[in-house]
Amino acid sequence: MSIWEYANPKKFLRSTERVLPPLWLGSAVLITGGLIWGFFFTPDDYRQGATVKIIYLHVPSALMAINAWFMMLVASLIWVIRRHHVSALAARAAAPVGLVMTLIALLTGAIWGQPMWGTWWAWDPRLTSFLVLFLFYLGYIALWQAIDDPDTAADLTSILCLVGSVFAVLSRYAVNFWNQGLHQGASLSLDKEENVADVFAYPLYVCMAGFILLFIVLVLYRTGTEIRARRMSALLARERMSE
Amino acid sequence: MMPDLGKYGDTVLSAYGVSLLLLLVLLVLTLRRGAKVRAALRDVEHRVGRNG
Amino acid sequence: MIALLIRDLQLAFRAGGGFGLGLAFFLIVTVMVPFAVGPDAAGLAVIAPGVLWLGALLACLLSLDRLLSLDWEDGSLDLLATAPLPLEGVLSIKALAHWLTTGLPLVLAAPVLGVLLHLPAAGYIWIMVSLLIGTPALSVIGTFGAALTVGLKRGGLLLSLLVMPLYVPTLIFGAEAARRGALGLAGETPLLMLAGITLGTIALLPFASAAVLRVNLR
Amino acid sequence: MIALLIRDLQLAFRAGGGFGLGLAFFLIVTVMVPFAVGPDAAGLAVIAPGVLWLGALLACLLSLDRLLSLDWEDGSLDLLATAPLPLEGVLSIKALAHWLTTGLPLVLAAPVLGVLLHLPAAGYIWIMVSLLIGTPALSVIGTFGAALTVGLKRGGLLLSLLVMPLYVPTLIFGAEAARRGALGLAGETPLLMLAGITLGTIALLPFASAAVLRVNLR
Amino acid sequence: MIEVRDLGVSRGAVPVLRGVGFSVSAGEALILQGPNGSGKTTLLRTLAGLQPPLCGEIRGDPEDCAYAAHADGVKLTLTVAENLEFWARVFGVTGIARALTGFDLEALQDRVAGGLSAGQRRRLSLARLMVTGRRLWILDEPTVSLDAASVQLFASAVRAHLRGGGAAIMATHIDLGIEGRVLDLAPFKARLSQSDADDGGFL
Amino acid sequence: MIEVRDLGVSRGAVPVLRGVGFSVSAGEALILQGPNGSGKTTLLRTLAGLQPPLCGEIRGDPEDCAYAAHADGVKLTLTVAENLEFWARVFGVTGIARALTGFDLEALQDRVAGGLSAGQRRRLSLARLMVTGRRLWILDEPTVSLDAASVQLFASAVRAHLRGGGAAIMATHIDLGIEGRVLDLAPFKARLSQSDADDGGFL
Ligand code: HEM
Ligand SMILES: Nc1ncnc2c1ncn2[C@@H]1O[C@H](COP(=O)(O)OP(=O)(O)OP(=O)(O)O)[C@@H](O)[C@H]1O
Ligand SMILES: Nc1ncnc2c1ncn2[C@@H]1O[C@H](COP(=O)(O)OP(=O)(O)OP(=O)(O)O)[C@@H](O)[C@H]1O
Ligand SMILES: [Mg+2]
Ligand SMILES: [Mg+2]
C-alpha cells in the first residue's frame, strides 16, 4: 500500500483515530518520565550546578524547533509537487507547534544564560539564528491567517516556506560571519558534547524521544482538526448551493 | 523529595515553569479547537444528512 | 459611538484585521538594529531606550495607514459622515481603537524587547511608563495625519512624512525620560512634559482632524 | 516590456506617484535617530553606518506597498497578466522601476545623511558602494513580498513582517561592509557576499514571485 | 422635504451645474438623468451635505438624508447581519429583520460580506437604507449590477418608503420601474461663467 | 474561435457552474445572462485564462483573448491618450486614433483620467479593447454607468469588431442592443456534487 493513500482526508482521519491514543500515552509517559528522571534523579554538574537540569527542556525543544520547520518544508514541497491537501494542512498544523518549541528554547536558554553567562541574552550566532527562525514562523503563520481561500493560502505559504528556507540558511551563515567579525561573545559560545556526561545524557535522550513523539501527536491531531474544519466548510458550501 | 537546587532554585524552577506552561497552553488550545471543530462538524453533518 | 468602537475592534481581530502586526513589526525592527549596528552589548545598552521608542513610533506610524483609508475606500466614511455622530467623536473613537489595538500591546511588549537590547535594569519601568503615557499622543496625532491623507491612493509613505515631524516632541520627551531612567537619573520632568503633550493633543487635535476630514470628503 | 518600465517611471514622477517619498522617509528616520538615542557625536559615529543601512531598508520596505497594489486595485494587473508579456518579465521590470525610483536615490543621498550622523570620513565610499550593490536585492525580494500580499487590503504591515526576515542576510552583509569600511578595516569579504546575494535573488526570485502572483490572480 | 433653488455645484474647482432648482415633498421620488459627466454624482453629494454648494440654496434638514454612494460601504470581513446591525446602532434604530426581508438577504445573513457577488453586495448596501430611519433617500445609480428580480425588490422597497411618508432622489441611466418625476440635468450644465466670483477671481 | 465543453468553474474552492458548453466562431457574439451570483464573472475569468477550470476543457488560444473586467484598469494620473498608448505598446499595436474616435474620446484625450466621470472612464476602458489587436473580446458588464448614447457607441464598436472577423463574449443584466446568441447560466448552476474528487476528498 502506498503512503500516498493517507493523503486522502478520510483515510487519514480513520487511521490517525486509531494510532493517536497510544501516541498520546507514549509521549506523556516519555516526557514525564524523562523530566522526572532528569529533575529528581541526576546529580548537579560540577560547573553548572543545578542549572544543568534545564537541558532536559532546552535541547529537546531546540531540536523540535528546527525539525518542525524542516517538516513544514517537506510538506510544502509535497503540496507544491503533488497537491495533496493533507500535506498542506499538516504544514499549517505544525507551524504553531514549531513556534511554541522555538519560544521554549529561547526562554529556557535565556533563563539559563542569566546564571551561566551573567546575561539574559547575547547576540551569539546560534541564539540569533533562533530568533530569526522565530520571525520566520511568525510570518508564515500570519500569512496563513490573512488569506481566506484555503487553496490560495496553501499555495502562497508553501512557496513562502521554500523561499524562506533558503533565506534562513543564508541568514545562518550571515549571522555567523557577523558576530565572529568583531570577535565578540566567543567566550559565550555553547560548548557541545564536552558537558554532557552519560548521567545527563540518558534522561536527555528520553526527553528528546518524548518531545519528538509529542510533536508527532500534536501535528497529527491538529491536522485532523484542520481536515474537519475544511470538511465543514465544504459541507456548508454544498448546502448553500443546494438552496 | 525535592532535590536541593542550591542557589539556582529560582532559575531551574522558572525554566520548568515557563516551559510546562507554554506546552500546556499549546495543548489546551489544540484540544479545545479540536473539540469545537469536531462538535461543529457533527452538527453540520447531522443537518446536511437530514436535508439532503 | 460605542457601536463604532466595538466594530473597529471586531474588524481588527477578524482575519486580516491587522491586530498583532504592529507588535510583530516592533519586534522585527528591534531585532534588526543589532544586525545593523553590531552585536556589542555595551553599545546596545546605550541606545536601547532610544531604539525602543523609535521602534514603537514606527510601528504606530505604519498602522496608521489602515486607520481611515479602509473606511474611505469602501465608502463607509462617506456614510459615517452623514450619520448622526459628530465627526470629532468618530475620529476620537477611531484613535482610541487604534491605541487599544496598537499602542497598548507595544507598551506591554517593550520590556521583553528590552532584554534583547541589554536595557539596564533600572530602565524597564521607565520605558513602560513613558510609552504608556506617550503612545496615546501618537495615535491621536496619527489620526490627524490619516485624515489629511485619506483621499490619496496608497498614501502610506506620504502619511509617514507628514506625521513624523509632528511626532518629534513626543519622541524627544519620551525617549529622554526613558534614557534618564535607564541611566538611573530622575526622569520626572520629561515625563510631565510628555503627559502634557498627550493631554493637549487628546483635547484639541480631534477638532483639527475633523475639519481636515470634512475638506477631504468634499 | 520597455513600455511598462516607461509607464512605471512616468507614474512615479507624476503628482502623487511617490517619487521622493522614500528619500524623504530615509531623511526623517535618520534625523530622528539623534532625538531618540541622544546627540553625543562619538556615539552617533559608531552607529552611523548601521543607521544609514537600516533607514534605507525601511524606506525600501515602506514603498513596496505601492509596487503592485495600485495595479491590482484598479484592475491593471489582471490586464497585464492577460497581455503578451511573461509575468516573470513584468515583475522584473517592476522591481527595476522600484529600484530606479527608490533604491538609487537612497544611494545618492546616503553620504549627505552621513554628515548628520558624524560618519567617519573613510566610511562614505563604503556606505555608497554597499548600498549600490545591496539595494537591488531589496527591491527584488520586496517584489516577492508584494506579490505574496497583493490580494490583501492594506497588507502593508503584513508585507513588512514577511519581507523583513528575508532582508536579514542582505542587511547583515551590507551593514557589516559599511561598518568595517568606516572603521578603516577591509570590507571586501562581506561586499562579495552581498554581491552574491544580489545576483542570486535577481536571477531566481522573479520566478517565485510570478508563481505567487499567478496564484493570487486566480 | 427638500427644496433647492438656483443651485450651482462644482467638482475640483470646476463648476459643473448651475441654476438647478426643484423640490421634493413627502411621498415623492425624483429621478435625475443626464449623460455621463453631466454632474449627477456631484449634485447628490452636495444634497447629502458632503460638499458645500457653489451658490444657491438648499432648504431641508441634512440630518434627514440617507446617502447611498456608488461605493458600497460594506465591511468585507463582517457578516451581512453584522454590517446591518452596526448601521442600525449608529442610527439608533432597532431591528434589522425588515431590511433583511426587504432585500431577500435572510439566507445570506450569516455569510461574510467578502464572499458575496457584486449584485448581492449591492443588495446589502441598499438594505442599509432601511435601518437608517431617515426620510429622504439619496441614491447614486442604485441598481448597478442588480439582476431583474433584485431591481424589482429595490423598486418595491422604494415604493414602500414613499408610501410611509418618505422621499427619494436618485440618479440613474436605466429605467428603474419607479414612478416619479424625471429631471434631466443636461440643460443645467455650467457654461462659461458669467461672474468673476466663481474661481476666487482668477477668471 | 473558442469552444468550451462540459466546463466547471469554481470560486474560492466552491464549484459555481458545471457542464457549461458552447462555441463561438468568428463574427459571432455570445451574451451571458443569469441572476446575481450565478457565476458570470467567474466563467469569464476562467475563459480569459486568469484561473484554471475545475473540470472540462476550453479549446482556443488564450493568447487571442482581450479581457475587460469590472474594474477599469485605468491609471488615474495618466492622460487618456497616455493610457491608451501604453496598452497599444504592450500589445504591439500602433495607432490609438481609431480607438479614440470609436468611443468619442478625442475631446478628452489630454485630460488626466482621474478627472473623468464614472461613465467617461468606462468608455476609456472599453476603448482599450480596440488597441489590443485581439480577436476575442471577453467583457464583464461592459455598459455599467454608460448613458444611452455611449451604449450606442459601444454597440457599434462591437458590431464593427464582429464584421472584422472578431468575436465577443459578454455578461450583462441589461439589453445591449447587440444581436447575438443569449446563454442563460442559471441551468448550469453547480448542484450537490456527485464525485468526491471536487474538494480534495473532503466531502
Ligand atoms: C536564549 C538562549 C539560547 C538559545 C536560543 C539556545 C539555542 C540552542 C540551540 C539551537 C541548540 C541546538 C540544539 C540541537 O543542536 O539540537 C542548543 C543546544 C544547547 N544549548 Fe542552548 N541556547 C540558548 C542558551 C543556552 C545557555 C545559556 C546554555 C548553557 C549555558 C545552553 C546550553 C546548551 C547545551 C548544553 C546544548 C546542547 C548542545 C548539544 O549537545 O547539542 N544554551 N541551544
Ligand atoms: N475628481 C475629479 N476632479 C475633477 N473633475 C472631475 C472629477 N470627477 C469628475 N469630474 C468631472 O466633473 C464632471 C461631473 O462628474 P460627475 O461624476 O458628477 O458626473 P455624473 O453625472 O455622475 O456622470 P456618470 O454618469 O458618468 O457617473 C465631469 O465632467 C467630470 O469630468
Ligand atoms: N471572493 C469570493 N469568495 C467566495 N465566494 C465568492 C466570492 N465572490 C463571489 N463568490 C460567490 O461565487 C458565486 C459566483 O459569483 P460571481 O461573481 O461569478 O457572480 P456573477 O454572476 O458575476 O454575479 P453578479 O451579477 O452579481 O456580478 C456567488 O454565489 C458568490 O456568492
Ligand atoms: Mg456618477
Ligand atoms: Mg459579476
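First the proteins, then the strands, lettered A, B, ... as listed; each starts at 1.
- Using a 4.5 Å cut-off between heavy atoms, C/Leu57 contacts chain D through its side chain alone, with no backbone atom that close.
- We find that D/Arg66 and D/Asp8 are not joined by a salt bridge, their nearest charged nitrogen and carboxylate oxygen being 4.0 Å or further apart.
- Taking CH2 of C/Trp126 as the reference point, atom CG of C/Leu183 lies at 12.0 Å (rounded to 0.5 Å).
- With a 4.5 angstrom heavy-atom cutoff, C/Val33 touches chain D via backbone and side-chain atoms both.
- Heavy-atom distances place the side chain of C/Leu58, and not its backbone, under 4.5 Å from chain D.
- Ranked by heavy-atom pairs shorter than 4.5 Å toward chain C, the options D/Ala24, D/Ala178, D/Ala36 are led by D/Ala36.
- D/Leu162 does not touch chain C: none of its heavy atoms, backbone or side chain, sits under 4.5 Å away.
- Chain D forms more heavy-atom pairs under 4.5 Å with one residue of C/Phe25, C/Trp53, C/Tyr167 than with any other, namely C/Phe25.
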Report task. Test D/Asp78 against D/Arg218 for salt bridge (charged side-chain N to carboxylate O under 4.0 Å, His left out), laying out the working first. Result -> CA-CA 9 Å; D/Asp78 277 350; D/Arg218 29 169 224 250; over 6 Å; no
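- Put simply, OG1 on C/Thr143 and CD1 on C/Ile93 are 11.0 Å apart, with the number rounded to the nearest 0.5 Å.
- We find the CG-CG distance between D/Leu5 and D/Leu9 to be 4.5 Å, quoted to the nearest 0.5 Å.
- For D/Val31, no part lies near chain C; criterion is any non-hydrogen pair under 4.5 Å.
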Query raised in the report: For D/His98 and D/Cys60, what are the C-alpha separation, side-chain angles and deciding distance, and is it a side-chain contact (heavy atoms from CB on, under 4.5 Å)?
Result: CA-CA 9 Å; D/His98 179 256; D/Cys60 258; 4.2 Å; yes
